[in-house]
Amino acid sequence: MKKVVLLFPGQGSQMVGMGKWFYDHHPIAKQTFEEANDILGWNIADTCFYGSLEELTSTDIAQPALMTTSIAMYRVYMEEFGLRPFAAAGHSLGEYTALCSAGSISFEDALKLVDFRGKTMKAAAELGLGTMIAVGGIDYLTVEEQLTKLVQSKEEACIACYNGPFQVVISVSYSALEQVASYFRKIGAKVTNLQVGAAFHHPFMQSAADQLKHELEQIQVGALQYKVLSNVTGHAIDLKKQSLVEELTLQMTEPVRWNKSMNILQYLGVEMAIEMGPKTVLKQLWKSHAAIEAIAYNVTEDRKQLAIKLTNKTSRPMRYHHPLSKFLAIAASTPNYNVNTQKVKADVIEPYQQLLQLHSQLEQVNKQPSEKEVQQGRQWLETILQSKGIPLEEQLDRFSEVDSI
């Protein structure tokens, strides 16, 4: 049986007509939209299917609309395949959808929370304090380093989303926008202005977070039926140790550590990621995780392939036995305590890129690494952990985990 993770997108994945095919072909999806109509008191189906893109992009509309669409798709998936996922992860807004799918928050409570969240975030956005830009083509450590030189505080600019090793999103005040964007373009990064209308996952969202916290304190939280990864920490949420109120409140002002979560899922042996949303945003982010196959459930051909793969009794050996995958996941998910950015570049980024290149070459031909290649990978990981300032005892623990999975 394959280890599957379900991925739920956040704002930015909305599109006109989203969810209509599922609504027209699956009664459970139609029921989900009708349920949402009753909960919200307005026709969310008509808005999703026939509304304008401008309307759907408005934060207060986009968030409940995306969640409803994703839950409708999730319910169709469970009805069609019934394969309970190993884990779920949601990007920003999608974390609520992931928690709902895992049974921790009811659909009604989750939709009401997301509706409230969207309205408070829109109100914060209307203050006109900032926006967001995507920065790609350079590693996130370089972005972090350069931001500390460019601006005086997080209020001016900070990383809002760690989407991949070479892709981040920056939340930036309008006063610092031109300076930050032009600088990163100058050093060779691809900079894209995002159509979001506000600086999310930024201190500007603190007032919205305070209001949301009160609403979160009113809901009932149940046990998780499977793992759900935290945007705040990147790790699986442990309800015995963590409060969802604290988690979802902090999520408003803290960065989304998406890349860390994806590395941890790879480390835990996930073989397939299925995006439950109207576009393929999260599927595209998996390109830096070649060891895990990505499927977009809204794409017809992908659904056909999914049906074949989930019923194929002679599938390939599970990829998570590939030791280089574990090395990559450990390297990426281990925090950095070294403030010497030049040393980090030489002894973290370069060996990581070498490890990633070797791993990708082997994956392309579906080949297990030789003993010599495993030893080389281990040496690169040792260099990375040492350069990050990880204590020797913790390094040994990390290597012991490789053999225990």
Side-chain angles (χ1 to χ4, degrees), residues 136-146 159 162-168 188-189 233-235 257-271 273 285-294 316-405:
I138 58 175
D139 64 272
Y140 72 89
L141 289 171
T142 297
V143 177
E144 288 178 337
E145 176 190 2
Q146 297 305 314
I159 295 181
Y162 291 86
N163 285 336
F166 300 98
Q167 185 184 102
V168 301
T233 68
H235 291 276
R257 302 187 185 279
W258 188 255
N259 188 52
K260 184 175 182 179
S261 289
M262 298 306 99
N263 282 315
I264 287 171
L265 288 170
Q266 183 172 316
Y267 174 68
L268 291 172
V270 168
E271 294 179 277
L285 289 181
W286 275 100
K287 288 182 177 179
S288 59
H289 299 271
I292 301 177
E293 186 172 16
R316 288 182 294 176
M318 293 180 76
R319 288 178 171 179
Y320 69 89
H321 290 308
H322 196 318
L324 297 187
S325 298
K326 302 173 188 177
F327 293 161
L328 277 170
I330 292 172
S333 62
T334 301
N336 175 47
Y337 301 110
N338 191 340
V339 296
N340 186 333
T341 54
Q342 293 302 317
K343 186 171 178 58
V344 167
K345 278 188 178 181
D347 295 338
V348 174
I349 296 174
E350 290 178 11
Y352 181 84
Q353 290 175 337
Q354 290 173 309
L355 181 58
L356 181 62
Q357 183 179 16
L358 175 59
H359 178 271
S360 298
Q361 290 171 348
L362 293 169
E363 281 291 325
Q364 286 174 5
V365 294
N366 196 28
K367 180 183 176 183
Q368 288 291 317
S370 66
E371 185 176 341
K372 182 178 179 181
E373 288 167 332
V374 171
Q375 186 58 37
Q376 177 63 76
R378 183 179 289 269
Q379 290 174 3
W380 283 328
L381 180 57
E382 286 176 355
T383 300
I384 292 168
L385 295 180
Q386 289 170 10
S387 181
K388 283 187 171 186
I390 306 302
L392 179 59
E393 185 176 350
E394 186 176 338
Q395 290 182 41
L396 295 174
D397 287 343
R398 286 289 192 171
F399 279 109
S400 69
E401 290 173 5
V402 172
D403 300 321
S404 65
I405 296 178

Enter the distance from [X]:[atom1] to [Y]:[atom2] here, rounded to the nearest 0.5 Å.
X      : Y      : atom1 : atom2 : value
Thr233 : Ile264 : OG1   : CD1   : 7.0 Å
Leu356 : Gln361 : CG    : CD    : 10.0 Å
Leu385 : Phe327 : CG    : CZ    : 10.5 Å

What residues, two or more places apart in sequence or in another chain, satisfy side-chain hydrogen bond (donor to acceptor under 3.5 Å, both in side chains) together with [X]?
X      : result
Gln146 : Tyr183
Ser387 : none
Gln354 : Trp380

Between [X] and [Y], what is the shortest heavy-atom contact and its length?
X      : Y      : value
Trp258 : Asn163 : CD1-O, 3.9 Å
Pro369 : Leu362 : CB-CD1, 3.6 Å
Pro165 : Asn259 : CD-OD1, 3.4 Å
Ala331 : Ile384 : CB-CD1, 4.0 Å
Leu324 : Val374 : CD2-CA, 4.4 Å
Pro351 : Ala346 : CD-O, 3.4 Å

**Report entry** Residue pairs involving residues 347-357 (criterion salt bridge (Lys or Arg N to Asp or Glu O under 4.0 Å); sequence neighbours excluded)
**Finding:**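 Pairs touching residues 347-357 that pass the test: Lys343-Asp347.
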**Report entry** With sequence neighbours excluded, residues passing salt bridge (charged side-chain N to carboxylate O under 4.0 Å, His left out) with Asp139
**Finding:**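 Asp139: no salt bridge (charged side-chain N to carboxylate O under 4.0 Å, His left out) contacts found.
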Query raised in the report: Who passes side-chain contact (heavy atoms from CB on, under 4.5 Å) against Tyr162, sequence neighbours left out?
Result: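 Checked Tyr162 against side-chain contact (heavy atoms from CB on, under 4.5 Å); matches are Tyr140, Glu144, Ile159, Val168, Pro255, Arg257.
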Requested in this report: Just jot down the side-chain contact (heavy atoms from CB on, under 4.5 Å) partners of Ala273, sequence neighbours excluded, or say none.
Outcome: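 In terms of side-chain contact (heavy atoms from CB on, under 4.5 Å), with neighbours along the sequence ignored, Ala273 is linked to Val5, Leu7, Trp286, Ile292.
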Requested in this report: Taking the side chain as every heavy atom from C-beta outward, state whether Lys260 and Asn263 have any pair of such atoms under 4.5 Å apart.
Outcome: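 No, every pair of side-chain atoms sits at 4.5 Å or beyond.
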Requested in this report: Please examine the side chains of Leu358 and Glu373, heavy atoms only from C-beta on, and report whether any two atoms are closer than 4.5 Å.
Outcome: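 In short, these two side chains touch, coming nearer than 4.5 Å.
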